[in-house]
Structures are given as C-alpha cells and as structure tokens.
Amino acid sequence: MAAPWEDVLRNEPAIQEAASVAVDAALLEGVLMRTEGEPNASDVVNYAPFTLLPSAVPTVLFEQAYAVQQDFNLLVDAISQNKEFLEDTLASTIKVDDFTAQLFRIHVQVLEEGLAQSVFLGINRSDYMFDCGVDGTPALKQIEINTIAASFGGLTSRTAAVHGQVLKMLGKSKEASRLLPNNPSKGLALGIAKAWELYGSQSAVVMFLVEEVQRNIFDQRCVENELWNRNIRVIRKRFRDVFEKGSLDDAKRLYMDGQEVAVVYYREGYVPKNYDQQNWEARLLLERSRAVKCPDIATQLAGTKKVQQELSRPGTLERLLPGRAEAVTRIRATFAGLYSLDVGEEGDKIAAMAIADPDQFVLKPQREGGGNNLYGEELRQVLEKIRDSPERTSYILMDKIKPQPAINYLLRAHSPLQVSECISELGIFGVYVRQGKEMVMNKAAGHLLRTKAIEHADGGVAAGVAVLDTPYLV
Ligand code: ADP
Ligand code: MG
C-alpha cells in the first residue's frame, strides 16, 4: 500500500525545498501550537508537528472505519446508561486504581441524587491501526476509543491543504486533487450546538473546560469559532475557576460568574494529574448540574481500557446492543485480542502467556494521554513483578498490532529534517446527541491521521511522539 511518490522521497533538494514551503503553508493554514516555553501565551507560536507527505491508507479500511462509527456511538451511549455493566466491569479495577475509583464514586453519587439533565452529548474518537496479517493483507484493528477530550479535530481540518500544496510542488497535482476534504471541528461544533439548542436558553453559554497548560489552544479555537459563527457564546474556564466561581441554583442550573452554562465541553479531566481535591469538587459540581456534559462521567467511564477489554468477551456486545446484530458484527471485526489480568485462573494464564512472549502484546494501565503502555522486555519485567499481586488488575493486556512501515519525513520545529520509517494511526470522530431515549444525532464527523517513527512504541501528538498527517487513499 505504498503511496505513488516513492520516486521523490530520495530527491533531497526537492524534499528540502518542499519542507520549507510546507512549514509556511502550515503556519498560514493555522496548523498551530503554542510553544513549550510559553504554553499560555500566543505571542510566539509554532506549527504543530506534521508529516511532509500524506500517508497511504487502504480505501477499504478507511471506509470500514467510517462505517462502524455510528455503531460505536450507539455502543458508548448504551454502556453509559448501563449501571450494572459499568459496576461489574470496573469492580476489580476500582479496588486498585484510585483515579477510576474516584470517577466511579461521582458516577454513583449523581445517579443516587437523580440526573438533572436528559440531554446527552457524546464526542469520541475511535483510533485504529492497520494490522499486517500473516498473508500481508492489512486489517483494521481498534487501538482504543477516546470518550473524553478527544483532540486534534480542529488542526486536522487544515492539514489536507498543506499536503495538497506539497504534492503540487513535487509535481503530483493529480494526487493532490484526490486528498479528501475533512472538517471534524465543524461536526463537533454541530453536536455541541444541538445540545445547546436542546438545553433551551438563548442566553446560556457553552463552557470549554480547559487545562492549566494550554498549548493546544488553536485546536480548540477551531471548534469555538464554529460555535461563535452560529451565534453561540463560548467561555473558557479551568476546574479552578469552577471551584471558585461556579454555583448551582435550586433547579441545578449551572452558573459561572453569573452566566448560565448550557453545555460543558471537557478538554481536561482525563488523567489523575488534572485533579486535586478542589478540582474533584468542581467536577462533582459540574456532574450534578443541569448543564449538558460532554461527556458525562458515565460516558468517560465507558471509555476506560477495562471496559474495552470486557467488550471483547463473547456475548457482551450482544447484551449491550440487543437486536443490532449487524452493528455487533461490524464492531467486533475491529477488535484485536484483549485479555483480562483479573485475579484468578484466567488472569494467571494470560500473565504467563505474556511473560513467555512479550513482543506479541501491549500491557496497558487505566490511563489516557499516551506514554503509559509497556512493551517487550519492560512488559515482561513489570508483569513478572506484579504477577502474584492484585496490582496486575490495574492493567489490561492487548495483542500488539503490527502495521507495515512506510517512509516519510516528520516536520518538527527546531528539529533537522530526517527521513523516518513510520506507522500511522487513523482516528474517526463520532458525535451523537440523545434526548431521553431518542437519538437526535448520530454521526461520523471526520478523521484524524497521526504518524510516528517506528522506534516509538507509544504516544500521541500532544506527547511529542506522533505528528499530524493526511490520508491518501490507495
Ligand atoms: P492512550 O490512552 O495513552 O492514548 P492508547 O491505547 O491509545 O492509549 O495507546 C497509546 C499508543 O500506543 C497508541 O497511540 C499506539 O501508538 C500504541 N498502541 C496502543 N495499543 C497498541 C497495540 N495493541 N499495538 C500496537 N501499538 C499500540
Ligand atoms: Mg490513544
């Protein structure tokens, strides 16, 4: 599945020139990030890292990923409403993982109190790699689904234009014209706008809940601007601001600085380091409120790695999506092997299997954001150490996906231009809105392709490992 520009890859002068044009094009198009040195100011900004050239993606797998997205939206939504399933699935995890336990406590508390809102907004991103089977035919395999703060829907809307220009410069105009338009930020904003409308107050605002360190602000601004274009007011606040200035009235309407909040869109709150005691209190306040939460805490829990692993058990999908046999088949076709390390005979066997052949697996803790997984020798060592301890329950085990590498150049500020062997990860954005029992929106909203050099086992764009890319369908 090579791209049709192998010929230019070794033409160094042409590549050098294309790279400098590419960087300026990225800046002009707004493929931007704040700098590490000044993450909270826009005086000096840089381009977000990206590939010089688009990467080849098999058309059938690309279409398969889009075709299953509405099914995944339904699945995530179904899990979020299934208290028993979440309780049973996460029971072993919350014994050993404080973060999941704390999220779960809030989930239980708001259910006991009674949900104040019947509108639900889900924005997720299902990520895949193309596994090279024994016969060399690539297969679409899900890496994970992100149900909170799934990012890069904004910046990725702008990479196709950059890559189109690079291809033209390199004499590949025909290929440039085949790059697909892609605008997840608009799709995300349409979901938020729908939830805002259903909330039913013209003067209420959408609140982006943002991190203390805001390097990726431009990605968020793309979505914000789509909302402003629809005359929906957006405010940006941190947990700290919510703790200090947030309040609920008698009807649990959420107010920030006197402004009523219709929708809370989290771009924060997905890792333990996002929380101190005050931030947990702020999170609880938001969850208890009448504002539409994107996601609500149950939907965040639906995106945990433990849930992903339990979904792969025979019969689980059927139980969660009764009467939807075709959706179940489409979803299951994307699953790689996933294994529980719960205490007991099954977990003992799995641990022994991984220790015997660590290169076939990935060991994953219940964490998001990249850089947490264990591979190869490190996997073996860690698993050996915790093999007989309940601590092993805080991980799941997954088959390692092995994609076919391709040559590309990764462009990063202050880094020399260097050719790399790369692999890519395709993400599809899903958006849905449910009012009571009725799905009023269920869409695939666009895609994200991220590419990294093969020497990095783990990590995304924000983690400094992967870079933004554009798929070229082959
Ligand atoms: P996170 O929540 O930290 O993003 P992921 O499950 O997405 O966790 O894993 C992080 C990265 O590790 C992925 O982007 C991918 O590059 C790599 N990875 C994860 N699972 C696998 C797997 N089963 N096979 C190969 N690589 C994987
Ligand atoms: Mg990931």
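We count residues from 1, following the sequence as given. What you see is a predicted model, and the numbers here were worked out from it, not measured in a lab. As the structure lists them, so they are numbered: ligands from 1, and atoms in each ligand from 1.
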>> Does any N or O of ligand 1 fall below 3.5 Å from an N or O anywhere on E368, backbone included?
In response: yes
> So does D127 have any N/O/S atom less than 2.8 Å away from the Mg ion (ligand 2)?
Replying inline: no
> Can you tell me which residue and heavy atom of the protein come closest to atom 15 (C) of ligand 1, and the distance to 0.1 Å?
Replying inline: E425 OE1, 3.4 Å
>> When you measure from the heavy atoms of H456 to every atom of ligand 1, does any distance fall below 4.0 Å?
In response: no
> At what distance is the nearest protein heavy atom to atom 26 (N) of ligand 1, and which residue and atom is it?
Replying inline: M129 SD, 4.1 Å
> Can you tell me which residue and heavy atom of the protein come closest to atom 21 (C) of ligand 1, and the distance to 0.1 Å?
Replying inline: I143 CD1, 3.6 Å
>> To check your reading of the model: name the closest protein heavy atom to atom 4 (O) of ligand 1, its residue, and the distance in Å.
In response: E144 OE2, 2.9 Å
>> Quick check on R330: does its CZ atom have over 12 non-hydrogen neighbours (other residues, nucleotides or ligands) under 6.0 Å away?
In response: yes
>> Could you identify the single nearest non-hydrogen protein atom to atom 22 (C) of ligand 1 and state the distance to 0.1 Å?
In response: V362 CG2, 3.5 Å
> Looking only at heavy atoms of G370, does any of them come nearer than 4.0 Å to an atom of ligand 1?
Replying inline: yes
>> For the CD atom on E384, are there more than 12 heavy atoms of other groups (residues, nucleotides or ligands in this structure) within a distance under 6.0 Å?
In response: yes
> Counting both backbone and side chain atoms, is some N or O of I401 under 3.5 Å from an N or O of ligand 1?
Replying inline: yes
>> Applying side-chain contact (heavy atoms from CB on, under 4.5 Å) to L9 and Y409, what does each step give before you reach the verdict?
In response: CA-CA 9 Å; L9 283 171; Y409 291 82; 4.0 Å; yes
>> Tell me whether R434 forms a cation-pi arrangement with F120, defined as NZ or CZ under 6.0 Å from the six-membered ring centre and within 45 degrees of its axis.
In response: yes
> Should you measure from each heavy atom of R367, which atoms of ligand 1 turn up under 4.0 Å away?
Replying inline: 2 (O)
> With atoms numbered from 1 as shown, which atoms in ligand 1 lie under 4.0 angstrom from a non-hydrogen atom of M398?
Replying inline: 23 (N)
> What protein heavy atom is closest to atom 18 (N) of ligand 1, reported as residue, atom name and distance in Å?
Replying inline: Y375 OH, 3.5 Å
> For E326, does the CD atom have more than 12 heavy-atom neighbours from other residues, nucleotides or ligands under 6.0 Å away?
Replying inline: no
>> Starting from atom 2 (O) of ligand 1, what is the nearest protein heavy atom, named by residue and atom, and what distance separates them?
In response: K305 NZ, 2.7 Å
> Could you state the interatomic distance from NZ (K400) to CG (L379), rounded to the nearest 0.5 Å?
Replying inline: 9.5 Å
> Out of curiosity, is K452 lining ligand 1, as in a heavy atom under 4.0 Å away?
Replying inline: yes
> Taking the six-membered ring where the residue is Trp, are the ring centres of H447 and F62 under 6.0 Å apart?
Replying inline: yes
> Where does K364 meet ligand 1, judged by heavy-atom distances below 4.0 Å: at the side chain, the backbone, both, or neither?
Replying inline: side chain
>> Could you identify the N, O or S atom of E144 positioned closest to the Mg ion (ligand 2)?
In response: OE2
> Can you say whether the rings of H163 and F50 are parallel (under 30°), tilted (30 to 60°) or perpendicular (over 60°)?
Replying inline: perpendicular
> Which residue holds the protein heavy atom closest to atom 10 (C) of ligand 1, what is that atom called, and what is the gap in Å?
Replying inline: D458 OD1, 3.1 Å
> Does the N or O separation between D399 and ligand 1 drop below 3.5 Å for any pair?
Replying inline: yes
>> Looking at E455, I'd like to know if its CD atom is crowded, meaning that more than 12 non-hydrogen atoms belonging to other residues, nucleotides or ligands lie closer than 6.0 Å.
In response: yes
> Does a sphere of radius 6.0 Å around NZ in K443 hold more than 12 heavy atoms from other residues, nucleotides or ligands, not counting ones at 6.0 Å or beyond?
Replying inline: no
> Under 3.5 Å, is there a donor-acceptor pair linking the side chains of S55 and D469?
Replying inline: yes
> Between F239 and Y275, how do the two ring planes meet: parallel, tilted or perpendicular, split at 30° and 60°?
Replying inline: tilted
